[in-house]
2 protein chains.
Amino acid sequence: MTWGTPRPERADAARNRELLLASARELLAESGPECLTMDLLAERSGLGKGTVFRRFGSRAGIFQALLDDAERDLQQQVLSGPPPLGPGAPPVDRIVAYGTARVRFLAEHHAVARATLDGRHAAGRRRPLSEIHLRVLLREVDLPGADIEVLAGQLAYALDGPLLLQLFAGPELAGPEPTARFEAGWRDLVERVCGVSGR
Amino acid sequence: MTWGTPRPERADAARNRELLLASARELLAESGPECLTMDLLAERSGLGKGTVFRRFGSRAGIFQALLDDAERDLQQQVLSGPPPLGPGAPPVDRIVAYGTARVRFLAEHHAVARATLDGRHAAGRRRPLSEIHLRVLLREVDLPGADIEVLAGQLAYALDGPLLLQLFAGPELAGPEPTARFEAGWRDLVERVCGVSGR
DNA sequence: GGCCTAACCGGACTTTACCCCGGTTAAGCT
DNA sequence: AGCTTAACCGGGGTAAAGTCCGGTTAGGCC
């Protein structure tokens with residue numbers, strides 16, 4: 001008898017989870033991440049504050065959950081969408097396509113992404129989705145002597161870091177101009193790292 | 001008449017600044033970053049809480065100031081130390097050497113670096129020192145068609161990100177084993193990006 | 001259907017970052 | 001030295017995150 005899932009989530013708990021996420025999205029759309037407080041979220045959802053913390057652990061945890069939810073779409077496209085983002089294209093092309101998609105994703109959700117870092121009890125840093133996908137794709141490229149684990153981490157941060165910094169600095173310069181530059185920069189970086197022969 | 005420096009820092013203010021940084025270092029050494037509260041720091045320094053906030057703006061600001069101070073040493077070595085970290089070596093060698101130095105720096109100061117991110121009013125994200133140095137050095141390498149600004153940002157985050165994530169996860173696995181792996185990974189990445197011909 | 005227990009819920013409580021503003025003092029000029 | 005003013009200092013006040021524990025309820029088992 002194996003305990004893969006120690007206990008299924010109770011039905012009311014799951015309902016409250018969805019309710020809280022929905023309220024959070026509402027508040028976020030109305031007045032931005034700054035104004036989303038735990039008390040307000042609890043009141044808006046008609047629940048107690050203890051419940052909010054039980055579900056998400058911390059303020060940052062809420063934003064993390066929101067971001068995870070949004071990321072699932074991207075993940076689906078990567079796993080089973082059309083190439084070159086999905087399976088079927090050469091790995092280097094897929095890596096480049098992933099970067100483009102990721103840049104757009106971050107540009108769209110930068111407010112939430114930023115808020116996941118907030119707070120003293122920040123949601124335990126997890127290895128980002130990007131790193132896992134990159135690791136898989138990099139293995140398919142012929143890279144003799146490379147430490148794939150480390151390289152995947154490096155590229156994942158090379159992708160997210162500068163863009164987020166940019167989005168931190170200027171509130172709303174998420175226009176097409178700078179993001180296009182990041183997309184081109186990513187393509188260039190990947191081709192340098194993988195060599196043009198990898199495709 | 002130019003106002004390069006709008007006003008020199010008042011003598012008492014400068015004294016208090018040093019006093020506060022010294023107290024902060026003490027508290028940090030005694031009981032770790034978690035226990036450093038603004039009230040405690042003010043009391044320990046014999047100053048008011050308002051003064052602490054005036055100097056540093058926020059809790060994260062204190063850690064930022066501490067980190068800046070430590071970074072100045074590294075900066076000195078880069079600007080005027082012996083090669084290959086300092087001037088006089090081929091640019092690619094200097095970039096590799098910088099990575100090694102940076103990895104060790106982060107491993108040593110990871111607690112403070114992490115705390116820099118804490119708090120809702122995090123110290124306004126600045127472009128890290130790494131990015132500026134890398135930009136200068138990359139310009140000296142022949143990289144046709146590269147967007148140096150973007151590339152410098154990418155490499156700066158490729159250097160800091162994975163290491164910090166690692167240090168976040170495990171409290172004290174800052175041993176030589178993982179850092180050596182990051183150092184090797186950095187060398188490999190730089191050589192791939194710059195081509196072996198760049199040196 | 002009734003019981004048992006573990007998980008859940010609420011909301012009062014504590015802690016802590018951050019704000020504010022009246023009183024004080026350093027620095028420069030005459 | 002005396003004056004002016006801008007900057008500094010103190011510490012009480014506020015808001016919001018995170019904790020705790022007694023009461024409640026869902027879901028499995030007989």
Side-chain angles (χ1 to χ4, degrees), chain A residues 1 3 5-21 23-24 27-28 31-66 114-124, chain B residues 1 3 5-21 23-24 27-28 31-66 114-124:
Chain A
M1 168 176 197
W3 294 347
T5 49
R7 182 79 57 165
E9 192 178 36
R10 241 167 73 169
D12 53 347
R15 220 179 319 122
N16 285 340
R17 160 187 224 81
E18 289 310 315
L19 179 58
L20 284 167
L21 283 178
S23 301
L27 289 170
L28 214 51
S31 28
E34 299 303 313
C35 300
L36 196 157
T37 76
M38 302 305 258
D39 289 292
L40 189 56
L41 178 59
E43 190 190 8
R44 176 70 81 103
S45 308
L47 298 171
K49 194 156 47 147
T51 306
V52 181
F53 277 92
R54 177 176 319 281
R55 289 297 86 170
F56 299 107
S58 74
R59 184 184 135 92
I62 289 176
F63 292 102
Q64 185 70 60
L66 249 24
R114 164 187 217 165
T116 56
L117 301 173
D118 282 353
R120 189 117 75 115
H121 305 238
Chain B
M1 166 177 202
W3 294 346
T5 50
R7 182 78 57 163
E9 190 179 38
R10 239 166 73 169
D12 53 347
R15 221 177 319 121
N16 285 340
R17 162 187 221 79
E18 290 308 316
L19 179 58
L20 285 167
L21 283 178
S23 301
L27 289 171
L28 214 52
S31 28
E34 298 304 312
C35 300
L36 196 157
T37 77
M38 302 306 258
D39 290 293
L40 189 56
L41 179 58
E43 189 190 7
R44 177 71 80 103
S45 308
L47 298 171
K49 207 173 5 168
T51 307
V52 180
F53 277 92
R54 177 177 318 282
R55 287 298 84 164
F56 299 106
S58 74
R59 184 184 136 90
I62 289 176
F63 292 102
Q64 186 71 60
L66 248 25
R114 163 185 217 166
T116 293
L117 301 172
D118 284 352
R120 192 113 78 109
H121 306 240

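In the text below, chain A, chain B and the rest are named by the order of the sequence lines, each starting its count at 1.
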Q.
Strictly distance-based, threshold 3.5 Å: is any side-chain N or O of B:Arg59 a donor or acceptor partner for the main-chain N or O of B:Leu36?
A. yes
Q. Taking all non-hydrogen atoms of both residues, which atom of A:Phe63 and which atom of A:Thr116 are closest, and how far apart?
A. C-CG2, 3.6 Å
Q) So, A:Arg55 side chain and A:Glu18 main chain: donor-acceptor pair closer than 3.5 Å or not? A) no
(Q) Could you tell me if the side chain of B:Leu20 sits less than 4.5 Å from the side chain of B:Phe56, heavy atoms only? (A) yes
Q.
Tell me the interatomic distance from B:Leu40, atom CG, to C:dT15, atom C1', rounded to whole angstroms.
A. 13 Å
**Q.** Rounded interatomic separation in angstrom, taking CZ from B:Phe56 and P from D:dC8
**A.** 13 Å
**Q.** Pair of N/O donor and acceptor under 3.5 Å linking C:dA7 base with A:Arg10 side chain
**A.** yes
Q.
Does D:dA26 have its OP1 or OP2 closer than 4.0 Å to a side-chain nitrogen or oxygen of A:Arg15?
A. no
(Q) Whole angstroms only, please: what is the CG-C1' distance between B:Leu41 and D:dG11? (A) 15 Å
Q. Where the side chain of B:Thr51 is defined as all heavy atoms beyond and including C-beta, which of C:dA17, D:dC9, C:dA12 is the nearest nucleotide?
A. D:dC9
(Q) Looking only at the side chain of A:Arg120 (C-beta and beyond, no hydrogens), which of the listed nucleotides C:dA17, C:dA27, D:dG18 gets closest? (A) C:dA17
Q.
Just the rounded figure in Å: distance from P of D:dT14 to CZ of B:Phe53.
A. 17 Å
**Q.** Whole-Å distance separating the CD1 atom of B:Ile62 from the P atom of C:dC18
**A.** 9 Å
Q: With heavy atoms under 4.0 Å as the rule, sort A:Ala42 into base, sugar-phosphate or nothing.
A: nothing
(Q) If you compare all heavy atoms of A:Cys35 against all heavy atoms of A:Ser31, which two are closest, and at what distance to 0.1 Å? (A) SG-O, 3.4 Å
Q: Please determine, for the side chain of B:Arg55, which listed nucleotide (D:dC9, C:dA17, D:dA16) has the closest atom?
A: D:dC9
Q | Nearest-Å distance for atom pair CG/P, residues A:Asp39 and D:dT14 | A | 16 Å
Q. Using a cut-off of less than 4.0 Å, is there contact between a side-chain N or O of A:Arg59 and OP1 or OP2 of D:dA16?
A. no
Q) Which nucleotide, C:dA17, C:dC9, C:dA26, lies nearest any side-chain atom of B:Asp12? A) C:dA26
(Q) Is B:Thr37 close enough to C:dT16 that one of its side-chain N or O atoms is under 4.0 Å from OP1 or OP2 there? (A) no
Q) Looking for any heavy atom pair under 4.0 Å, which part of the strands does B:Arg17 touch: base, sugar-phosphate only, or nothing? A) nothing
Q) To the nearest Å, how far apart are A:Leu19 CG and C:dC9 P? A) 11 Å
Q | Separation between CG of A:Asn16 and OG1 of A:Thr51, rounded to the nearest 0.5 Å | A | 6.5 Å
Q | Atom-to-atom span, NZ of A:Lys49 to P of C:dA12 - whole angstrom | A | 10 Å
(Q) It should be established whether B:Asn16 places a side-chain nitrogen or oxygen under 4.0 Å from OP1 or OP2 of nucleotide D:dC9. (A) yes
(Q) As a test of reading the structure: which of C:dC9, D:dG10, D:dA17 is closest to the side chain of B:Leu47, going by heavy atoms? (A) D:dG10
Q. Considering only side-chain heavy atoms of B:Arg54, which listed nucleotide, C:dT16, D:dG10, D:dA17, is closest?
A. D:dG10
